[in-house]
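The sequence lines fix the lettering, A, B, ..., with proteins before strands; numbering per chain opens at 1. Quick note: numbers below take in every heavy atom, side chains included, and nothing from hydrogens, waters or symmetry partners.
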Protein chains: 2
Amino acid sequence: MTQTLTKSEATSGRIIAAARTLFVARNYADVTTDMIARTAEVTKGGLYHHFPSKERLYLSMMLDDLERKRLLFEKATTSPGSCRDRLSRLTRDFLELPREDRELTRLVRRDINTFSGEERDLLVRAYQRALPEQVETIIDEGIKNGELAPGDARILSWSFVALVEVVIGEYADHVYGSTQARLGHVVDLFFDGAGTPPTGGTL
Amino acid sequence: MTQTLTKSEATSGRIIAAARTLFVARNYADVTTDMIARTAEVTKGGLYHHFPSKERLYLSMMLDDLERKRLLFEKATTSPGSCRDRLSRLTRDFLELPREDRELTRLVRRDINTFSGEERDLLVRAYQRALPEQVETIIDEGIKNGELAPGDARILSWSFVALVEVVIGEYADHVYGSTQARLGHVVDLFFDGAGTPPTGGTL
DNA sequence: GATAAAACCGACCGGTCAGTCGGTCGGTAT
DNA sequence: ATACCGACCGACTGACCGGTCGGTTTTATC
């Protein structure tokens, strides 16, 4: 029966959940395996029964999360509508995620220097597949069909992602009351810019 | 004589320089005081003769750097010309900095969780004074004189800074050959957006 | 060249933390 | 009942690292 979790799966799940919460709140180095274990209500021995190392635990948590995000954003990418519509949908999907899920996306940039070699690559690739590449696909099509001005799709996708990250910051919370307002800021700024038209304004 | 450094100043300078290079390359926790000392060609005892703690060393380095940047960007902020001209000048000044100086600006965001209390506040305030507040001042005036559409100046300034950070990344290096191209991307995208005009394109 | 202060050294300490390991316990198949 | 197994425990270890301190060298000053 798929709805019944084994004891092992339940414990692993608690450990992953504890790791998520703690790693979002503090740097990788400042979160101890003891803290994670206590939060998950197991001992350190129990934690190491399920995960071979602190790095692998972090990686498992991030990789799982990024794969779920990739699947979510893929729906927006492959949905019908204009480039602007699809970018809006993807951004809305992201903004409507619980806070912890949104914050997790920033962790990759913050903690990337902690890893090296294969583990670093895994993390970077999973992140790129989850978010920037989805945006890039949409933008690429937007350029091809003339909805967007010609340019490097990758740089544009990173620019777009950077703008999204701005409106999920702390200060933004007290400026924008709704997801809709945040969404408007990002999409309008990206497509239309912040400037007023140079030739004959409305005033 | 101002051109002659005392031994003490020379050594402090070497330590600061070593710290800069190492902290840019690795997380705060992954850089040991021993590494810094060896790179600066002193011993740990020598390092602690000049700085009271690892945190204070990091703080000294960042605060010095951010104050120099503030003075640099202030020139652009108070220079004559349109909002667009002054933002261009500020961005150009930033992009023409040596790589290490540019990367340092990103460290504040990366390492901010390492600190708490007064030290954290010092760091955040110095960063904001150095870059986002300069941009905000320019944008605020741009909104007042109609060059920019109405909006929250602070969110707009953070958006602008976020776009600048995109074009100093690794991938951007191989897309853009020149500072001028990077500058164009940021300023054009911010003012005009990436979209094509909806009413009667040029084709 | 005597003297004092500043600069510098490096062995050492105390604490922390990732990871280990021998062992316990509850379930389950035989 | 017995044998077995995966889950879990928690005391322990070994390495590392920030910071200290008594002592030595260099520099500045008269």
Separation of [N] [atom2] from [X] [atom1] (nearest whole Å):
{"X": "Ile15(B)", "N": "dC8(C)", "atom1": "CD1", "atom2": "C1'", "answer": "10 Å"}
{"X": "Lys54(B)", "N": "dT16(C)", "atom1": "NZ", "atom2": "C1'", "answer": "13 Å"}
{"X": "Glu55(A)", "N": "dC17(C)", "atom1": "CD", "atom2": "P", "answer": "17 Å"}

More than 12 foreign heavy atoms under 6.0 Å from CD of Glu41(B): is that the case here? no
Heavy atoms from other residues, nucleotides or ligands near CZ of Arg26(A) exceed 12 (cutoff 6.0 Å): no
Can you give me the closest heavy-atom contact between Leu63(B) and Leu122(B), atom names plus distance?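 That closest heavy-atom pairing would be CD1-O, 4.2 Å.
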From Tyr176(B) atom OH to Arg182(B) atom CZ, the distance as rounded to the nearest 0.5 Å: 8.5 Å
Evaluation steps, salt bridge (charged side-chain N to carboxylate O under 4.0 Å, His left out), between Asp111(B) and Arg110(A): CA-CA 8 Å; Asp111(B) 294 334; Arg110(A) 193 188 74 190; over 6 Å; no
So which of residues 22-45 of chain A are in contact with DNA chain C, with a heavy-atom cut-off of under 4.0 Å?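 Result for residues 22-45 of chain A: Val31(A), Thr32(A), Thr33(A), Lys44(A), sorted by number.
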Below 4.0 Å from chain B heavy atoms, what is the first contacting nucleotide of DNA chain D and what is the last? dC17(D) to dT20(D)
Exercise: do [X] and [Y] side chains pair donor with acceptor under 3.5 Å:
{"X": "Glu147(B)", "Y": "Thr196(A)", "result": "no"}
{"X": "Ser82(B)", "Y": "Asp85(B)", "result": "yes"}
{"X": "His185(A)", "Y": "Ser159(B)", "result": "yes"}

